[in-house]
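Just below is one structure, and these are the notes that go with it.
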Amino acid sequence: MEHLIQHFRKDEQTFIEKVIGWQREVEDRFAPKLTDFLDPRERFIVSSIIGQDNDLQVKTFGGFQEAERQRLFICPSYFEPSSEDFQIAFFSINYPSKFVQLKHPDVLGALLSLGIERSKFGDIRIEGDTIQFAAVGEVQDYILANLTSIGKSKVKLEYVKTTDQLITVKEEWFDNTYTVSSMRLDVIVATVVNISRQKSQSLIKAGKVKVNWTVREDTSFEVQEGDVISARGHGRIKVMMTEGRTKKDKIRLQVGRLEQK
């Protein structure tokens with residue numbers, strides 16, 4: 001386990017300890033553990049730790065196709081959970097779309113202002129006038145009763161009965177190779193997004209850049225292989241792998257880029 005933990009960052013230790021606790025809980029009680037919604041980095045940590053254990057398995061479900069945020073079901077390897085076991089409620093938001101255009105931050109802000117943690121919500125999907133989101137089953141009644149407006153707009157929630165009525169979004173990633181002088185966050189953002197180093201630094205300092213779904217405001221933050229970086233207004237970047245160094249000692253990086261739609 002020690003050998004495993006050193007691959008993760010210092011500030012991920014608390015989450016790692018939580019995961020080890022879940023693992024023990026399932027082993028000791030022979031009872032499955034259902035988590036809140038986790039982002040891809042958290043799920044990667046869970047499968048790195050529990051994936052080493054032959055007696056246990058990790059199943060994931062977020063409802064939406066290629067859901068970014070999913071609940072995890074940690075259970076003995078002989079157990080086969082159904083989608084109902086994940087206890088996820090799906091909502092559709094009806095609002096006067098003729099007069100107002102609601103965006104992702106508006107919806108997320110309204111949900112968080114109900115006093116519920118981010119981990120209780122899954123993806124928020126918007127397509128045209130249709131807005132849908134996922135939430136853990138245990139807060140569904142509370143959300144239904146209390147989410148009556150978003151911004152200045154009155155809204156009405158309805159349940160989405162079946163997952164085949166959920167919005168599907170097609171993501172397009174493009175792969176490219178870049179050479180960078182270092183693995184600093186400001187250098188990588190500037191190079192891949194093609195903006196000045198200064199502009200990249202001000203984006204980071206303004207809290208508009210996330211690495212693995214966590215805001216990073218340190219321009220010299222060290223990026224690693226496998227990291228996903230999102231810079232507001234510039235889409236997403238995934239550092240696939242380092243391909244060695246050039247003659248001038250620059251680092252050659254293979255990067256996937258998700259364009260901002």
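Position 1 is the first residue of the sequence; numbering continues from there. Because only heavy atoms are used, hydrogens play no part in the values below, and waters and symmetry mates are left out as well, while side chains stay in.
With contacts defined as side-chain heavy-atom distances shorter than 4.5 Å, the pair Asp85/Leu34 does not qualify. No side-chain heavy atom of Phe174 sits less than 4.5 Å from a side-chain heavy atom of Leu258. Between Phe64 and Gln132 the shortest side-chain heavy-atom distance falls below 4.5 Å. Looking at Ile167 and Thr130, their side chains come closer than 4.5 Å, going by heavy atoms from C-beta outward. Looking at Ser92 and Tyr159, their side chains never come closer than 4.5 Å, going by heavy atoms from C-beta outward. When side chains are defined from C-beta on, Thr177 counts as touching Glu243, because their heavy atoms get closer than 4.5 Å.
Between Glu17 and Arg24 there is no salt bridge, since no side-chain N of the basic residue sits under 4.0 Å from a carboxylate O of the acidic one. Arg9 has a carboxylate O that lies under 4.0 Å from a charged side-chain N of Asp227, or vice versa, which qualifies the two as a salt bridge.
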- Task: Give the intermediate values and the outcome of salt bridge (charged side-chain N to carboxylate O under 4.0 Å, His left out) for residues Asp186 and Arg197.
- Result: CA-CA 6 Å; Asp186 58 348; Arg197 181 95 174 262; 3.0 Å; yes
- Message: Checking Asp218 against Ser220 for the side chain to side chain donor-acceptor pair (under 3.5 Å) test, could you report, in this order, the C-alpha distance in whole Å, the side-chain angles of both residues, the deciding distance, and whether it holds?
- Response: CA-CA 5 Å; Asp218 173 10; Ser220 65; 2.9 Å; yes
- Might you work through the side-chain contact (heavy atoms from CB on, under 4.5 Å) test for Arg71 and Gln87, ending with a clear yes or no? CA-CA 9 Å; Arg71 295 192 85 173; Gln87 299 171 34; 3.8 Å; yes
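Ring centroids of Phe37 and Phe121 are separated by 6.0 Å or more, keeping the two rings apart. A centroid separation of less than 6.0 Å is found between the aromatic rings of Phe73 and Phe79.
Remark: Glu225 CD is packed, more than 12 non-hydrogen atoms of other residues, nucleotides or ligands lying under 6.0 Å away. When the shell of 6.0 Å around CG of Asp175 is examined, it contains more than 12 heavy atoms from other residues, nucleotides or ligands.
For the salt bridge (charged side-chain N to carboxylate O under 4.0 Å, His left out) test, no residue two or more places apart in sequence or in another chain qualifies with Glu27. Scanning for salt bridge (charged side-chain N to carboxylate O under 4.0 Å, His left out) contacts around Asp141 gives an empty result, with sequence neighbours left out. Listed by chain and number, the residues in a side chain to side chain contact (heavy atoms under 4.5 Å, CB included) with Thr14 amount to none (sequence neighbours excluded). Not counting sequence neighbours, the partners of Glu80 by the salt bridge (charged side-chain N to carboxylate O under 4.0 Å, His left out) test are Lys59. Residues passing the side chain to side chain contact (heavy atoms under 4.5 Å, CB included) test with Thr163 are Phe61, Phe90, Leu166, sequence neighbours excluded. Every residue meeting the side chain to side chain contact (heavy atoms under 4.5 Å, CB included) condition with Lys205, not counting sequence neighbours, appears here in chain and number order: Thr219.
A distance-only check finds a donor-acceptor pair linking the side chain of Ser47 to the backbone of Phe44 [under 3.5 Å]. Of the possible donor and acceptor atoms, one in the side chain of Gln70 sits under 3.5 Å from a partner among the backbone N and O of Ala67. Put simply, the side chain of Thr242 never gets that close to the backbone of Gly244: no donor and acceptor are under 3.5 Å apart. Within the 3.5 Å criterion, the main-chain N or O of Ile143 finds no donor-acceptor partner in the side chain of Asn146. Checking side-chain atoms of Ser149 against main-chain N and O of Lys152 turns up no donor-acceptor pair under 3.5 Å.
Donor-acceptor pairing under 3.5 Å is recorded for the side chains of Thr162 and Asp164. Side-chain polar atoms of Trp213 and Glu68 form a donor-acceptor pair below 3.5 angstrom.
Residue pairs meeting the ring pair (Phe, Tyr, Trp, His ring centres under 6.0 Å) criterion with at least one partner in residues 127-146, sequence neighbours excluded, are Phe91-Phe133. Among residue pairs with one or both ends in residues 244-256, none qualify as side-chain hydrogen bond (donor to acceptor under 3.5 Å, both in side chains); sequence neighbours excluded. For residues 29-41, the set of pairs meeting the side-chain hydrogen bond (donor to acceptor under 3.5 Å, both in side chains) definition, not counting sequence neighbours, comprises Glu12-Arg41, Asp36-Ser119, Asp36-Lys120.
Think of Phe30 as one node in a network of Ile, Leu, Val, Met, Phe, Trp and Tyr side chains linked at under 4.5 Å; it has no links at all. Here Val192 is tied into one hydrophobic group with Tyr178, Val180, Met183, Leu185, Val187, Ile188, Val189, Val193, Ile195, Leu203, Ile204, Val209, Val211, Phe221, Val223, Ile229, Ile237, Val239, Ile251, Leu253, Val255, each link being a pair of ILVMFWY side chains closer than 4.5 Å.
In the hydrophobic clustering of ILVMFWY residues, with side-chain heavy atoms under 4.5 Å counting as a link, Ile88 and Ile74 come out apart.
Considering CD1 of Ile150 and OG of Ser113, their distance stands at 9.0 Å, rounded to 0.5 Å.
Taking all atoms of both residues into account, the shortest heavy-atom contact from Gln140 to Ala89 is OE1-CB, 3.0 Å.
A side-chain contact (heavy atoms from CB on, under 4.5 Å) with Arg69 is found for one member of Leu38, Asp123, Ile124 and no other, namely Asp123.
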Per-pair distances, 0.1 Å, donor-acceptor, side chain in residues 93-108, under 3.5 Å, sequence neighbours excluded:
| from | atom 1 | to | atom 2 | distance (Å) |
| --- | --- | --- | --- | --- |
| Asn94 | ND2 | Glu158 | OE2 | 3.1 |
| Ser97 | OG | Asp129 | OD2 | 3.4 |
| Asp106 | OD2 | Lys103 | N | 2.7 |

